[in-house]
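Reviewing the structure listed below.
By convention here, the first residue in the shown sequence is residue 1. Order of listing sets the numbers, starting from 1, for every ligand and every atom in it.
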Amino acid sequence: MTDPWAALAEYHRKTANRRILSLFDDKARFADFSAETDGLLLDYSKTNIDRDGLKLLLDLARATGVLARRDRMFQGDAINETEDRAALHTALRSRSDQPVMIEGRDVLPPLRLMRKRMYAFAEDLRSGRLKTAGGGLFRNVVNIGIGGSDLGPRMAVQALAPYHDGPRLHFVANIDGAEISDILKPLDPGQTLIVIASKTFTTVETMTNAGTAIAWLRRAMGEQATRHLAAVSSALDRTAALGIDPAQVFAFEDWVGGRYSLWGPVGLPIVLAIGAKNFDGFLDGAAAMDRHFLTADPERNLPLLLGLTGIWHNNICGFQTRAILPYDQRLARLPAYLQQLEMESNGKCVALDGSPLVRDSAPVVWGEPGTGGQHAFYQLLHQGTRIVPAEFLIAATGHEADLAHHHNLLKANCLAQSEALMRGRDRAAAEAIAAGLGYQGAELSRQAAHRVFPGNRPSLTLAYRQLTPFVLGQIIALYEHRVFVEGAVWGINSFDQWGVELGKKLADEILLMLNRDKIDTNRDSSTLGLLGWLGGKE
Ligand code: F6P
């Protein structure tokens, strides 16, 4: 059998100079190179992948066992091999009666019970049945967490603002005292619930912020402060040690990775904001994407196609980054959310067996909502020396019925950008523009050069009717599975994150030096020099 990587490299060599636009001579291109499920459309026709290319990419998925590994993930096998754990975030949103077994135990019934408790707590608070220590309403909720215990809920609460009818939500993640100070300053502790979200309940940022918030509550209400505390964690001994009432603690298992955890109790802020019914819609969307990933034909399977186009741009075309460009202001936090999802999952340099990877793993993921980005970094997308595959997200309809003209402009801009990236502007068109501006001779030529757009820059578009809870669930599950597909092709473990450990350990050591408890003079002169310059405890 031919090596699928070699076959793809050869195919790329033959097609690299082709214009993507020329592929549209085939009138069926959009229909054939887009796929839809439950109202979510992925258009990958503005890439340089044709039928042969798609076949080779699907061969690669087959050769690397992506679908077999997918089945192992869904059935609860310990595919997170360095931590000897399953990766069962899909169980958190399962709508099926099919048991999911870990060590001979069906994990679904306890998950459903926990969800029921979380919903009851959230609905009690939202309805005012759950009273503050002073007998009033909880008007504000502050979620304290970082990474997976922050990015998902923060992104989703903003994304689903039109459904937000619960208390006001605030998020604190950074250990920088500036964040918690600015968030707490305008709030009345007597009306505020603090949710401490941490899978491990050891994360220094979260524990430090939790300590500050608890002290803030205690100053206002003494021992009654515990009534204003809730926790989300896998470490129940630690939540108990902090004195949090078990009735206000929501647990999840260690086989749910932090960055995959927003479907369970880590989603509590989302439930508080939009209510249990809407959160159910969010889970339904994700579950629908799970079913699609499990059952759709490979040629029409959105996660597989999204993952394989990622592999194509990264490993075959050599593009180092990808831009996430939501033409949806409420998805402003999606790029940050995807940075953790993609880069913490797949930013690895060894394969499952510990051997060094022979090709690149996760690309750098970045982005900002359109249209703001157009007035900032799109210059580089259009005329820079680096090619950045762009991923656009756009709704057919906004939520602001009275502002439909805004949404039309938004759609026009989104479509114009992907078309411009692909089409570009050639020398003749640029010279005609320069001539129209009155330039002549050598100056015309110079001016025209600056107005040429190389074009032939690929993009994908993800389109949906409206950003509802269901659609957000679909989108997030789609990206989770894309990360899975890419990780499976590279043969890496997408579910551990050892790369975050070293910095944490060194921070502990440096803190000792800052406190002048233990100075290590053998460290490099930059670290010691900066330490001296920044100073320790006063
Ligand atoms: O440091 C990385 C990390 O472990 C992430 O994987 C995780 O989402 C985040 O820290 C927060 O962890 P925890 O929920 O245990 O506080």
Exercise. Does a side-chain N-to-carboxylate-O contact under 4.0 Å join E253 and R85?
Worked result: no

Problem set entry | Check ion pair R70-D290 (N to O, under 4.0 angstrom) | no

For this session: Of all the heavy-atom pairs spanning F495 and N493, show the shortest one and how long it is.
Result: N-OD1, 2.8 Å

For this session: Considering only NZ, NE, NH1 and NH2 on the basic side and carboxylate oxygens on the acidic side, decide whether D245 and R227 come within less than 4.0 Å.
Result: no

Exercise. Looking only at heavy atoms, which two atoms of H170 and R168 are closest? And how far apart?
Worked result: CD2-O, 3.7 Å

For this session: For ligand 1, would you mind listing the residues that have at least one heavy atom less than 4.0 Å away, ordered by chain and number?
Result: I146, G147, G148, S149, S198, K199, T200, T203, G258, Q340, E344, Q497, V500, K504

Problem set entry | Aromatic ring proximity, centroids under 6.0 angstrom, H399 and Y163 | yes

